[in-house]
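Step one of this worksheet: look at the structure below.
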Amino acid sequence: MVRVRFAPSPTGHLHIGGARTALFNWLYARHNKGTFILRIEDTDRTRSTEEYIHSIIEGMKWLNLDWDEGPYRQTDRFDVYRRYADKLLNEEKAYCCYCSPEELEQRRQEALAQGKSPKYDGRCRNLKEPIPGRKPAVRFKMPQKGETVVNDLIKGRIVFENTQLDDLIIMRSDGTPTYNFTVVVDDVDMNITHVIRGDDHLNNTPKQIHIYRALGYEVPFFAHLPMILGADKTRLSKRHGATSVIAYKEMGYLPDALVNYLVRLGWSYGDQEVFTPDELIKYFSFDNVGKSAAVFNPEKLLWLNSQYIINSMPENLVELVMPFLVKEKIITEGQILDKEWLSKAIFTLKERSKTLIELANSLKYYIAEDIEYDLKAKDKFLNEKSLSSLTEVKDALKTLDNFIATEIEKVFMSIVEKHNIKLGNVAQPVRIAITGRKESPGIFDVIEIVGKEKTLRRLEKAIKTI
RNA sequence: GGUCCCAUCGUCUAGAGGCCUAGGACGUAGCCCUCUCAAGGCUAAAACACGGGUUCGAAUCCCGUUGGGACUGCCA
């Protein structure tokens, strides 16, 4: 039975890299009908906040990455770590270290200055008596010879020399446990079968393997995912722009689009680019996860988002776009719109909108009572030359009872034929008059959806403007 | 510095020794469609980091070089 976990530390919002790690864990669990566990690694009490925990959970929920157990919090489990630490201490697999953080830092700097490895020198390893007046940290005794092999599901067989391994601190002098210890204890305690995480943890793995063994447990499978980098090929961070998942929600991205983008960073299935969540679950395997880091490419994400919008049912987009209509101040909170009508409007706009924000802003000229002109558009098309066309269209539409696109088109065509001019000569000025912009969906559809009353009012206003 | 990982178009990737004249996607450019803008269709430019091996044959296997990344905390 597969049991996997996503274990973020709440020192920031759920970011792109974390989301992808969560996604791959989730996919592996779902593919294998296993269990996906959410565990909050908040042992660093100074940097972890309640707010970030909520934010991470919000991000996971938004991406539809549902978990089966948790969220567990490591701060609720300090007694467990204490117990395991005592066990190691009793078995002399760990020892008390009385060196102060300042002393350690100084020695580290000295070693570095001399070009040596900044490794703990092991001076407290064989201490017989406690040093009075100092609170000790607990260090784990790493083996000092031999080698440790990690058989990684993605990277393959990796060999580490044990001489490189440090006697790492598992319990701080204040009694709180540290990361490399808590992960192992928790993964053991929660029966994790596969540890799927970023390859920034690859170097921690041999250390953790020794802790598993010291504790007397079997080592799980490991799968180390390649990193996600920014355009400058350094680790993705805030200076590369939006990195939190929630920021993408706010920018009008669809969760499935982000998931689709993220999964293709390091994973592929032949030439297929667009996947439903069910397809991802069905096809996912470590066999087609790549080994190399990937650069995050916002343009491709934007394209995928546009594809997801195009392929969405308008009635679904109605619900998704509502919060953005409010946020963009196109409607007021609680304002009620005819959903059927809104669906029709969205249908004309969905293949022209790359984000929900763009969609909301285009919807403006359908919804608003009045419109503002784009100045360049106004100068170019609302002038003496277009006056007669506008007037003619207005007059003809006034007498049109069956106010639907096909009938509106006939009105335009008869004007065009009568004067032997191009449709564009009539359509463009009307477009500016109705939408205020140079570009819009087909003008006949726009007029139908805007409706007779508002159309005539806007045409009159345009004529007056000239 | 040390350890570990990685290396195909600008970017994401296909590629499991001959199917490779290296395929797809984003982006870019052009054309078509067209009331505008999109969407869609077609086309184009664009890559096996370098050097050695192994082999009849290497993008693919091995070694080295170079380049990039991660770790090296009483952070996770």
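Side chains are part of it too, since the values below use all heavy atoms of this structure and drop only hydrogens, waters and symmetry mates. Predicted model, so just to flag it, every value in this text is computed and none were measured. Just so we're on the same page: letters track the sequence lines, and every chain starts at 1.
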Applying a 4.0 Å non-hydrogen cut-off, can you work out what [X] is touching in the nucleic acid: base, sugar-phosphate, or nothing?
X       : answer
I158(A) : sugar-phosphate
K438(A) : base
L202(A) : sugar-phosphate
Q74(A)  : nothing
E299(A) : sugar-phosphate
K354(A) : sugar-phosphate

Residue of the set R125(A), R139(A), K141(A) for which salt bridge (charged side-chain N to carboxylate O under 4.0 Å, His left out) holds with D167(A):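 Exactly one option meets the salt bridge (charged side-chain N to carboxylate O under 4.0 Å, His left out) with D167(A), and it is R125(A).
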Phosphate OP1/OP2 of rC6(B): any K233(A) side-chain N/O under 4.0 Å: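 No, because none of the side-chain N or O atoms of K233(A) sits under 4.0 Å from OP1 or OP2 of rC6(B).
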S440(A) side-chain N/O to rU36(B) phosphate OP1/OP2 under 4.0 Å: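 For rU36(B), OP1/OP2 do not have a side-chain N/O of S440(A) under 4.0 Å.
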Worked verdict on H240(A) versus F296(A) for ring-ring contact (aromatic ring centres under 6.0 Å, His included): CA-CA 9 Å; H240(A) 297 106; F296(A) 184 78; 9.3 Å; no
Pairing partner of rG18(B) (Watson-Crick or G-U wobble, both distances under 3.5 Å):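 Paired with rG18(B), as far as the under-3.5 Å criterion goes, is rC56(B).
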Watson-Crick/G-U partner (both atom distances under 3.5 Å) of rA45(B):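 Paired with rA45(B), as far as the under-3.5 Å criterion goes, is no nucleotide at all.
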Length of the line joining R107(A):CZ and rU72(B):P, which is rounded to integer Å: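 One finds 19 Å between P of rU72(B) and CZ of R107(A), rounded.
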Whole-Å gap separating P (rA76(B)) and CZ (R73(A)):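 My rounded result for the distance is 15 Å.
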Aromatic contact, F286(A) with F24(A) (centres under 6.0 Å):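 No.
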